[in-house]
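So you know, we letter chains A, B, ... as the sequences are listed, proteins then strands, and number each from 1.
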Amino acid sequence: MTDPASELAQFAKTSNAWPFEEAKKLVARVERTGQKQVLFETGYGPSGLPHIGTFGEVARTTMVRHAFETLTGGQIATRLLAFSDDLDGLRKVPDNIPNKELVAAHLGKPLTEVPDPFGKYPSFGEHNNARLRSFLDHFGFKYEFGSSTEYYTSGRFDATLLKMLARYDAVQKIMLPSLRAERASTYSPFLPIHPRTRIVMQVALDEVDVARGLIAWRDPDTGERFETPVTGGACKLQWKPDWAMRWCALGVDYEMAGKDLIDSVKLSGAIVRALDGAPPEGFNYELFLDENSQKISKSKGNGITIEQWLTYASPESLAFFMYWKPREAKKLYFDVIPRAVDEYLAFLDAYPRQDAKNRLGNAVWHIHSGEPPAPEFIAHEAGGKGTAISFAMLLNLAAVANSEDPAVLWGFVRRYAPAASPEKYPRLDKMIGYAVLYFRDFVKPKKVYRAADEVERAALEQLSDALAALPAEASAEDIQTLLYDIARPIPRYQNFSAKGATPERPGVSNDWFNMLYQVLLGEDRGPRFGSFAALYGLDNTRALIADALAGKFLKTDAA
RNA sequence: GAGCGCGUAGCUCAGCCGGUAGAGCAUCUGACUUUUAAUCAGAGGGUCCUGGGUUCGAGUCCCAGCGCGCUCACCA
């Protein structure tokens with residue numbers, strides 16, 4: 001019998017799309033170990049809010065997960081653990097929170113012991129965990145949430161923690177060469193939580209007592225000596241040993257990380273082996289860069305936020321951005337949005353025409369977990385084949401129409417396809433909404449308007465008066481005729497070589513229309529002006545002329 | 001110092017398992033002239049960073065180099 005799932009799996013085996021390449025590593029791992037389940041992990045540091053990188057990591061990991069399920073025909077169970085390192089000590093007060101003094105009084109304590117500055121949760125850590133979960137839920141990711149504090153205190157890590165204590169020397173042998181001398185002298189993989197101040201202590205160890213499962217250390221301020229069990233949440237691990245311990249204790253099979261963590265992955269992997277475990281599969285993706293080609297970091301606040309992206313484009317376009325070439329450094333800034341949208345649409349457009357093998361290499365297959373929606377085609381005439389309307393086209397349209405009103409853009413779309421409507425094309429409708437916002441914020445400010453000279457000024461005033469005399473319901477054709485009649489007597493715009501032109505009734509040259517675009521719209525090209533005025537409204541058009549003549553659009557180079 | 005990535009038309013980039021070098025934009029030519037460009041037809045444009053190697057054959061694979069960018073080496 002031909003099981004479609006296994007047929008797909010056969011094609012998947014030869015696919016070189018990166019999620020399959022990644023998933024194949026996991027298939028080899030499963031074949032090696034005979035395990036019946038695969039665990040994916042993504043990490044999260046709850047000292048900040050979830051951001052675009054968090055989205056990228058979960059989205060990409062989900063793509064690998066789905067590729068793996070396809071390769072194995074669903075025979076191996078998969079889990080995705082979104083793990084929050086909320087036992088980590090708070091290092092500094094974030095800028096973007098209220099009640100900073102409240103939080104500042106608890107610096108150094110585990111995030112789950114710092115009060116919530118928003119006053120909604122028992123702790124700051126729990127607040128941010130909740131934000132992470134609602135963030136991931138909002139995008140519909142399937143995952144399980146894990147809290148470091150909960151895992152530590154419940155004893156789930158105890159066995160591995162004791163093992164690390166027993167292998168203390170081996171761990172130090174791995175870690176110390178990676179550190180500078182002054183840091184190495186006090187380095188300990190175990191960070192005891194001070195029993196009185198609750199601060200996560202970074203102190204040199206006095207003694208390692210494997211038999212009793214304890215470490216001994218001294219308070220640097222008072223000199224007082226403490227003995228702390230490494231188990232039960234009394235003690236946390238430095239992050240590289242922590243990562244390794246977690247991989248080992250939970251049996252993590254896959255975790256990806258940015259290229260800034262390449263060395264950390266190596267060190268943590270070595271520690272896992274020292275604990276007789278096997279490090280997970282994974283790969284290093286390139287970092288996102290801001291407009292100046294600098295690494296995007298949450299603390300710097302450069303680049304673009306996920307909210308900003310979603311103001312101007314769909315979540316699918318962002319998922320596409322995450323899919324596309326994860327190993328290449330990419331600028332993550334506003335100007336990449338239109339292209340991401342259009343490439344996504346192009347792949348969506350191609351998908352129905354592709355055979356199974358090519359579909360598996362198509363980004364939209366990975367973005368939509370194997371079930372991309374049908375593309376929306378706008379047909380020029382009933383029964384026509386239709387074309388997909390691109391974001392670039394809409395931006396161009398918004399620019400030449402000079403409009404932030406979706407209804408005006410819809411008017412132009414209907415000129416092309418009379419049967420189109422927001423109800424019939426909901427995704428196009430959304431895209432039009434995105435386009436007008438993008439136009440308003442990024443295109444319009446860069447428009448260059450030209451000042452009208454005396455002849456142009458007179459002609460525009462004449463045009464404005466003539467428009468005022470037209471009935472409000474004047475058709476595009478009526479307006480177009482008016483435009484020609486206004487320009488015809490003006491020598492500058494006369495064109496005697498035009499078809500049907502006579503010396504008594506000259507044609508009108510393109511210069512007339514070009515002037516309208518340059519002075520009124522700040523563009524070298526534009527829509528058929530009669531149609532524009534009809535859609536835009538006669539009063540609005542007159543106001544536009546008045547504003548242009550008043551010099552309101554001219555850049556004042558006051559600097 | 002170490003690591004990662006990139007280098008293909010004027011610009012932005014594609015190029016899959018090695019088989020005569022591609023697209024969009026830009027440029028140029030032509031068509032259309034109560035016309036709009038969200039149009040139609042066509043053209044030009046390349047030392048695929050350099051040098052070696054493998055191969056019947058290399059933009060593609062391997063080695064070395066050059067250039068550009070980023071990251072790490074304190075914390076996560």
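- Comparing the C1' positions of B/G52 and B/C70 gives a spacing of 29 Å, expressed to the nearest Å.
- Following rounding to the nearest Å, A/Met431 (CE) and B/A38 (P) show an atom-to-atom distance of 16 Å.
- Only the C1' atoms considered, B/A9 is 14 Å distant from B/A43, to the nearest whole Å.
- Rounded to the nearest 0.5 angstrom, A/Phe529 CZ and A/Thr541 OG1 are separated by 6.0 Å.
- For B/G46, there is no paired base (Watson-Crick or G-U wobble, both distances below 3.5 Å).
- Side-chain atoms of A/Leu287 lie closest to B/U71 of the nucleotides B/U71, B/C75, B/C16.
- What separates CG of A/Leu395 from P of B/A38 is a distance of 13 Å, to the nearest Å.
- Using a 4.0 Å heavy-atom criterion, one finds that A/Leu261 contacts the bases of the nucleic acid, with or without backbone contacts as well.
- Ring centroids of A/Phe83 and A/Phe145 are separated by 6.0 Å or more, keeping the two rings apart.
- Across B/U71 and B/U29, the matching C1' atoms stand 50 Å from one another, rounded to whole Å.
- Between A/Phe157 and A/Tyr152, the angle of the ring planes goes over 60°, which puts this pair in the perpendicular group of the 30/60° scheme.
- When distances run from any side-chain atom of A/Glu286 to the nucleotides B/U35, B/A76, B/G5, the shortest one goes to B/G5.
- You'll find that the side chain of A/Tyr517 is closest to B/U36, out of B/A76, B/C16, B/U36.
- Counting heavy-atom neighbours within 6.0 Å of A/Arg131 CZ, excluding the residue itself, gives a total of 12 or less.
- As the counterpart of B/A37, no nucleotide is assigned, since no Watson-Crick or G-U wobble pattern has both distances under 3.5 Å.
- As judged by a 4.0 angstrom heavy-atom cut-off over every strand, A/Gln238 is placed among residues touching the sugar-phosphate backbone only.
- Remark: B/A26 base-pairs with no nucleotide in the shown strands. Criterion, Watson-Crick or G-U wobble with two distances under 3.5 Å.
- As rounded to the nearest Å, B/U60 and B/G19 have P atoms that lie 11 Å from one another.
- One can place NZ of A/Lys331 at 15 Å from C1' of B/C6, the figure rounded to the nearest angstrom.
- The P atoms of B/G15 and B/C61 are separated by 12 Å, rounded to the nearest whole Å.
- Taking the six-membered ring for Trp and thresholds of 30 and 60 degrees, A/Trp243 and A/Trp247 have ring planes inclined between 30 and 60 degrees apart.
- A/Trp324 has its CH2 atom 18 Å from the P atom of B/G5, to the nearest Å.
- Between A/Asn284 and the phosphate of B/G3, there is no side-chain N or O to OP1/OP2 separation shorter than 4.0 Å.
- Screening A/Tyr312, A/Tyr434, A/Tyr333 for a ring pair (Phe, Tyr, Trp, His ring centres under 6.0 Å) with A/Phe442, the sole residue that qualifies is A/Tyr312.
- Nucleotides B/U8 and B/C68, compared at atom C1', are 16 Å apart to the nearest Å.
- Under a cutoff of 6.0 Å and an axis angle of 45°, A/Lys259 and A/Tyr285 do not form a cation-pi pair.
- Residue A/Arg327 places no side-chain N or O under 4.0 Å from the OP1 or OP2 atom of B/C4.
- Comparing B/U50 with B/G7, their P atoms sit 13 Å apart, to the nearest whole Å.
- For B/G69, the paired base is B/C4 (Watson-Crick or G-U wobble, both distances below 3.5 Å).
- Atom CG of A/Asp342 is separated from atom P of B/C13 by 16 Å (rounded to the nearest Å).
- If you check B/U55 for Watson-Crick or wobble pairing at under 3.5 angstrom, you find it has no partner at all.
- Residue A/Arg339 places none of its side-chain N or O atoms closer than 4.0 Å to OP1 or OP2 of B/C13.
- Rounded to whole Å, atom C1' of B/G5 lies 16 Å from atom CH2 of A/Trp18.
- Applying the Watson-Crick and G-U wobble criteria (two distances, each under 3.5 Å), B/C16 pairs with nothing in any strand.
- More than 90° away from 0 lies the glycosidic angle of B/C61, which makes this nucleotide anti.
- Side-chain atoms of A/Tyr484 lie closest to B/U35 of the nucleotides B/C72, B/U35, B/C75.
- As rounded to whole Å, 17 Å separates atom P of B/A76 from atom CD of A/Glu57.
- Aromatic ring centroids of A/Phe20 and A/His366 lie under 6.0 Å apart.
- Projected onto RNA chain B by closest heavy-atom contact, A/Arg488 and A/Glu328 fall at different nucleotides, the more 5' of which corresponds to A/Glu328.
- Rounded to an integer number of Å, the gap from CD of A/Glu343 to C1' of B/C25 is 14 Å.
- With the nearest nucleotide of RNA chain B identified for both A/Asp263 and A/Gly411, A/Gly411 has the one nearer the 5' end.
- The gap from the C1' atom of B/A37 to that of B/A26 amounts to 15 Å, rounded to the nearest Å.
- Within 3.5 Å, a donor on the side chain of A/Lys259 pairs with an acceptor on the base of B/C70, or the reverse.
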